[in-house]
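Since the structure comes first, as structure tokens, the remarks are kept for the end.
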Amino acid sequence: MKILDKEIETDYKNRINRVFEFIDKNLESDLSLNTVSAIAFFSPFHFHRVFKFVTEETLNEYVTRRRIEKSASDLLHKNITTTEIAHKYGFSDNSSYSRTFKKYFGISPTRFIKENPNRHSKIRQLKSKNGQEYPDYEKYICIINNLKKWTKMNAKIEIKETPKLTLAGVTHVGISGIENAFEKLTKWAIPKGLLKKSEAKMGRIFYDSFKVTAPGKVRMSIFLTTNEPFETKGEINKLTIDKGKCIVGRFEITPNEFEKSWTSLFIWMNENGYKKSSENPFEIYHNDYREHPENKFIVDLNIPIE
């Protein structure tokens with residue numbers, strides 16, 4: 001499908017963003033082509049083509065992936081049965097859910113629960129070249145211990161009541177080209193003087209987990225906190241992060257240390273008996289890393305908890 005005009009392409013992306021939000025809130029419900037296309041104000045035929053162009057997945061493929069990946073996250077972080085999960089994510093029964101889970105990850109939900117010590121591994125990458133489905137246990141424990149040491153040396157961790165935040169955001173899918181999303185947001189904000197406001201902080205919300213979603217499909221929003229009223233324009237949309245309790249880890253890290261830092265913070269969460277809530281993790285940056293003498297980010301990693 002060929003997009004003829006940049007304005008049309010932007011409009012299509014905004015409509016698909018509404019669809020993303022609708023799907024996230026209704027994973028247990030009817031998400032048929034007719035139902036979802038109406039949210040985007042497209043005919044089912046046209047919506048199918050546009051959605052495939054934007055996401056490189058059919059609607060059914062996307063919905064199934066979201067349901068299975070969200071269920072895997074629940075298995076990681078919640079004390080919940082597979083029957084409850086099947087119902088929660090719209091599967092007809094536990095058998096249907098288990099078949100779909102195994103087809104997607106190559107392992108049954110029950111087996112995954114039994115292998116729970118490996119919950120910090122990337123599930124999508126568990127099968128090694130020699131056919132082993134899980135890393136060596138002693139090596140795994142060594143990695144976990146090293147990450148605990150990393151946390152003690154590099155993070156200040158607190159439990160905080162975070163305020164409600166109003167955000168201007170740009171949606172981005174995948175890790176490739178993420179700098180373009182930051183550039184779009186800053187180009188929009190600079191003429192309005194928003195970056196000079198005292199409350200202005202850049203950040204990122206994650207709607208998917210890198211533990212279960214391939215990097216090229218992880219959906220996120222690049223955002224700017226603002227107290228100023230603004231109109232949505234082009235790819236700029238209004239977002240909110242609700243008030244709530246979070247584990248907040250303050251790190252001073254290089255760009256290639258983000259994954260290690262997030263993993264270590266989730267380990268800290270589990271070690272200290274906290275449970276992740278259904279809200280999305282997010283980052284807030286306190287500096288421009290390009291101005292740091294060691295090119296490091298000063299960043300708060302936030303895990304919403306129950």
Side-chain angles (χ1 to χ4, degrees), residues 24 27-28 63-91 94 97-128 132-137 139-148 150-151 155 157 159 204-215 217-220 244-249 258-283 301-306:
D24 282 351
L27 284 172
E28 81 289 352
V63 169
T64 299
R65 178 172 65 80
R66 290 294 290 158
R67 284 171 168 164
I68 290 300
E69 289 177 350
K70 283 290 188 181
S71 77
S73 182
D74 280 359
L75 290 175
L76 285 170
H77 300 298
K78 298 181 183 295
N79 184 18
I80 187 170
T81 67
T82 56
T83 300
E84 290 173 311
I85 287 179
H87 177 73
K88 179 179 179 180
Y89 292 108
F91 291 92
N94 192 34
Y97 165 64
S98 295
R99 285 197 305 272
T100 307
F101 189 99
K102 188 171 184 178
K103 182 179 180 181
Y104 191 80
F105 286 120
I107 180 174
S108 72
T110 303
R111 172 72 184 281
F112 172 68
I113 293 171
K114 290 179 179 178
E115 299 288 348
N116 199 45
N118 295 283
R119 61 187 175 276
H120 303 295
S121 300
K122 292 183 179 179
I123 307 169
R124 59 187 169 80
Q125 296 178 348
L126 284 178
K127 189 168 287 186
S128 64
Q132 291 180 336
E133 293 184 352
Y134 291 97
D136 175 80
Y137 183 75
K139 182 179 179 181
Y140 176 80
I141 293 301
C142 180
I143 292 171
I144 296 301
N145 288 335
N146 286 340
L147 285 169
K148 289 179 185 178
W150 162 264
T151 306
I157 300 176
I159 306 300
R204 187 164 47 159
I205 304 173
F206 297 95
Y207 304 104
D208 300 299
S209 168
F210 283 95
K211 291 196 291 290
V212 297
T213 303
K217 294 186 181 297
V218 169
R219 181 165 59 92
M220 61 193 81
K245 185 187 291 185
C246 283
I247 298 171
V248 182
F258 272 81
E259 181 179 347
K260 180 192 295 186
S261 300
W262 271 113
T263 302
S264 69
L265 195 61
F266 273 103
I267 291 171
W268 188 95
M269 178 187 75
N270 283 283
E271 290 282 321
N272 287 275
Y274 292 101
K275 295 290 185 181
K276 181 183 173 299
S277 75
S278 59
E279 300 301 314
N280 298 305
F282 59 97
E283 303 169 344
L301 309 186
N302 294 260
I303 303 176
I305 55 176
E306 296 176 350

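Hydrogens, waters and symmetry mates are skipped; everything else that's a heavy atom, side chains included, is used. Numbers here simply count residues along the sequence, with the first being 1.
- Residues Asp74 and Glu84 are not in side-chain contact: their nearest non-hydrogen atoms beyond the backbone lie 4.5 Å or more apart.
- Results of the side-chain contact (heavy atoms from CB on, under 4.5 Å) test with Phe101 over Thr110, Ile107, Thr82 single out Ile107 as the only residue that passes.
- Across Met269 and Lys276, no two heavy atoms sit closer than the pair SD-N, 3.7 Å.
- Nearest approach of Pro281 to Pro304, heavy atoms of both residues: CA-CD, 3.8 Å.
- Here Ile205 contributes atom CD1 and Glu283 contributes atom CD; the two are 10.5 Å apart, rounded to the nearest 0.5 Å.
- Evaluation of the ring-ring contact (aromatic ring centres under 6.0 Å, His included) rule for Phe91 yields Tyr97 as partners, not counting sequence neighbours.
- Counting heavy atoms of neighbouring residues, nucleotides and ligands inside a 6.0 Å radius, atom NZ of Lys217 exceeds 12 of them.
- Closest of all the heavy-atom pairs between Ser261 and Ser264 is O-OG, 2.8 Å.
- Phe206 and Trp262 have perpendicular rings, their planes meeting at more than 60° on a 0 to 90° scale where under 30° would count as parallel.
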When you look at Phe105 and Val212, which way does the side-chain contact (heavy atoms from CB on, under 4.5 Å) test go after all the steps?
-> CA-CA 9 Å; Phe105 286 120; Val212 297; 4.2 Å; yes

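- When side chains are defined from C-beta on, His77 does not count as touching Glu306, because their heavy atoms never get closer than 4.5 Å.
- The cationic group of Lys211 lies under 6.0 Å from the six-membered ring centre of Phe266 and within 45° of the ring axis, placing it in a cation-pi geometry.
- Heavy-atom minimum distance, Ser277 versus Lys78: C-NZ, 4.4 Å.
- Between Ser98 and Ser108 there is no side-chain heavy-atom pair separated by less than 4.5 Å.
- In this structure, the separation between NZ on Lys260 and CH2 on Trp150 is 4.5 Å, given to the nearest 0.5 Å.
- Counting heavy atoms from C-beta outward, Ile157 and Thr151 have side chains that approach closer than 4.5 Å.
- Atoms CD1 and OG, on Ile85 and Ser71 in that order, are 5.5 Å from each other to the nearest 0.5 Å.
- Across Asn94 and Thr83, no two heavy atoms sit closer than the pair OD1-N, 3.8 Å.
- Listed here is the closest heavy atom pair of Leu265 and Leu301: CD2-O, 3.6 Å.
- To the nearest 0.5 Å, atoms OG1 (Thr81) and CG (Leu75) are separated by 9.5 Å.
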Passes side-chain contact (heavy atoms from CB on, under 4.5 Å), Asp24 versus Arg219? Steps please.
-> CA-CA 11 Å; Asp24 282 351; Arg219 181 165 59 92; 2.3 Å; yes

Go through the steps for Ile159 and Ile305 under the test side-chain contact (heavy atoms from CB on, under 4.5 Å), then give the verdict.
-> CA-CA 9 Å; Ile159 306 300; Ile305 55 176; 4.2 Å; yes

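- No donor-acceptor pair under 3.5 Å is formed between the side chain of Ser73 and the backbone N or O of Glu69.
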What do the steps show when you test Phe112 against Leu76 for side-chain contact (heavy atoms from CB on, under 4.5 Å), and what is the final call?
-> CA-CA 9 Å; Phe112 172 68; Leu76 285 170; 3.4 Å; yes

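- Remark: Lys70 pairs with Leu27, Arg66, Tyr89, Asn280 by the side-chain contact (heavy atoms from CB on, under 4.5 Å) rule, at least two apart or across chains.
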